[in-house]
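Let me begin by presenting the structure, written as C-alpha cells, before commenting on it.
We name chains A, B, ... by the order of the sequence lines, and we start the count at 1 in each one.
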Amino acid sequence: MSVQNLNSYDPFADEGDPLGDNKDVGSQQNYIHIRIQQRNGRKTLTTLQGLPKEYDPKKLLKAFKKEFACNGTLVDDEELGQVIQLQGDQRLKISTFLTEEGIPKATIKLHGF
Amino acid sequence: MSASTEPLFDPSLKKKKKKKTVAFSEDPLGADADPTTPAPPLTPSQSNGELGPATVHEQMKANGASGRDEDAEDIGQKASAKAAAEEEDPLAMFGDLKKKKKKKKEIPFDLEENQEESTPASASAPEPSAEPALDDFDLSDLKKKKKSSKKKVDLEAFEKELENSKGGDADDDDIAAALDDDADLGDDPFAPVADVPSGVDTGSEPWLGSDRDYKYNELLTRFFNALHAANPALASNTGKRYTIAPPQILREGNKKSIFANITDICKRMHRQPEHVIAFLFAELGTTGSVDGSGRLVIRGRFLPKQMENVLRRYIVEYVTCKTCKSPDTLLTKENRIYFMACESCGSRRSVSAIKSGFQAQVGRRSKNKTG
C-alpha cells in the first residue's frame with residue numbers, strides 16, 4: 001500500500017526541462033536589436049543582432065545591401081551568433097524593412113540616439 | 001531620429017537657458033504597454049511638438065495644465081494628429097523644449113489638445129472641459145473658452161450660467177467666445193475625441209442633433225466628463241509634472257562630448273549615476289569616463305537632442321512606474337536583478353538589465369589586441 005501524499009510526484013514532469021529549449025533564460029528575450037555605433041567623422045555603423053532562426057542572414061544581408069545601397073558584412077560572434085553589420089545609419093530603414101516583411105514591431109528594439 | 005537626418009548644427013540649441021527645465025509628461029507609455037518595446041521612429045511632426053495623451057483621462061489632465069495658454073492651440077494642431085497613435089514614444093517627454101523657450105512660460109504646459117485638424121471650431125480655442133478639475137488655476141486669465149458645437153442658444157445661456165457659478169469673473173470673455181463660436185459653428189460633429197464637452201452639460205453630445213448613432217469614442221468622452229465632473233480630485237491630484245533639466249552637452253575636442261549636468265539629472269531622477277551612465281554607454285555604443293567635477297566624458301559626437309532621446313528612454317524604462325506612471329520609484333538590486341518599486345502605488349517589478357549587446361570593431365585593430 002502506498003500513501004499518496006508521500007509519493008514523489010513531480011507536477012512539472014510533463015513540462016520538460018525548462019532550460020532545455022531555451023539556453024539563455026533570464027537574458028533578453030528574442031528581441032532583434034538594431035544598434036548604431038559612431039565611427040570617425042560622421043560615419044556610422046549599424047548592427048543587427050538577434051535575427052530569428054528562420055531567416056537566412058546571408059540573404060537578408062544581400063537584400064539590405066541592395067535596398068539601402070550600402071555595404072555590409074556578416075560578423076560571427078561567440079555569444080550572439082551572426083550579426084549583420086551595415087555601413088551608415090540604416091536603423092530606421094532596417095526597422096521598416098523588417099516590419100514590412102512581417103516581423104512584429106514589438107520584437108524589434110531600436111537603440112542609439 | 002537618425003544621425004544622418006539630424007542637422008549637425010542647430011543654432012537654436014545654443015541659446016538654451018541654463019535654468020530652463022523640460023517638462024516631462026507623466027508617462028507617454030500606457031500602463032499596459034510592453035516596457036521593452038522599441039521606440040517608434042521619430043517623425044518630423046513628433047519632434048516638433050509633444051505627443052498627446054493617450055486616454056481621455058490624460059487628455060483632460062493635460063488640458064488642465066494647458067488650457068490657460070492662449071496660443072496653445074496652434075501648436076496643439078501640429079501635435080495632435082499623431083498624438084494618440086504614437087503614445088508609447090518616449091520622445092514625448094522633452095518635446096516642448098523649444099516651444100517653452102519661445103514663450104518663456106513658467107508653467108510647463110502640454111502643447112497638445114489632441115484635436116483633430118478637421119475641426120476648425122474645436123481647434124480655435126482651449127477647452128474648458130477640465131474646468132471642474134482645476135482648482136489651482138485662476139479662471140480669470142482664460143481668454144477664450146471653447147464651446148462644443150451647440151445649435152441651441154438656450155443651452156449656451158445655460159452653460160454660461162454654469163461658468164459664472166464656477167468661475168465668476170470670466171463672463172465677459174465667455175460672451176465674446178460665444179459669439180466667436182457662432183461665427184465658426186461649421187465644425188463637424190464627427191470629431192470623436194477632439195470635442196470634449198463640459199462634463200455637466202449633457203445637452204451637448206454631438207449625436208443629439210442628428211439621428212445617427214453615438215460612437216464609442218463619444219461615449220467614452222462622455223463617461224470621462226461625467227467622471228471628472230463628479231470627482232474633481234481625479235485630475236488635479238496627479239496634475240504635477242515631472243520635469244528634468246535638459247542635458248548640457250559640450251564638445252571636447254573633435255571626438256569627445258561632455259555631459260555636464262548628468263549628476264543633476266541623476267539626482268532629479270533618483271537614480272545612481274553609475275546606472276544611468278551604464279545605460280547611456282550601452283545605448284550609444286561608446287565608452288567614456290567621469291571627470292573630476294562629476295561630468296561625463298563620452299567618446300563620440302553627440303547633440304543634446306540625441307542625448308535627450310536616450311534619457312527619455314531611460315526614464316520610461318527605469319524611472320516611471322509602469323502601473324501608475326509615477327516617477328516616484330526606487331531601483332534596488334537583488335541577486336543581480338534590478339527591481340523597481342513604486343513609492344506611490346506600491347507596485348514592484350523587475351526591470352531588464354543593461355546590456356550593450358554586440359559591439360562592432362571600430363577604430364584601429366592594433367589598439368585592440370584581443371580582436
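Taken to the nearest 0.5 Å, the NE2 atom of A/H33 stands 10.5 Å off from the OG atom of B/S356. Atom NE2 of A/H111 is separated from atom CG of B/L284 by 11.5 Å, given to the nearest 0.5 angstrom. Here the straight-line distance linking atom CD of B/Q359 with atom CZ of A/R35 works out to 7.0 Å at 0.5 Å rounding. Going from atom CG of A/N40 over to atom CZ of B/R301 covers 10.0 Å, rounded to the nearest 0.5 Å.
Looking at B/S350, neither its backbone nor its side chain comes within 4.5 Å of chain A, counting heavy atoms on both sides.
Of the possible donor and acceptor atoms, one in the side chain of B/R313 sits under 3.5 Å from a partner among the backbone N and O of A/G112.
Counting non-hydrogen atoms of neighbouring residues, nucleotides and ligands closer than 6.0 angstrom, the NZ atom of B/K256 reaches no more than 12 such neighbours. Around atom CD of A/E78, no more than 12 heavy atoms belonging to other residues, nucleotides or ligands sit under 6.0 Å away.
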Taking it one step at a time, do A/Q85 and B/F358 satisfy side-chain contact (heavy atoms from CB on, under 4.5 Å)?
CA-CA 10 Å; A/Q85 249 184 48; B/F358 176 74; 3.6 Å; yes
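Taking each heavy atom of A/T47 and B/A360 in turn, the nearest pair found is CG2-CB, 4.1 Å.
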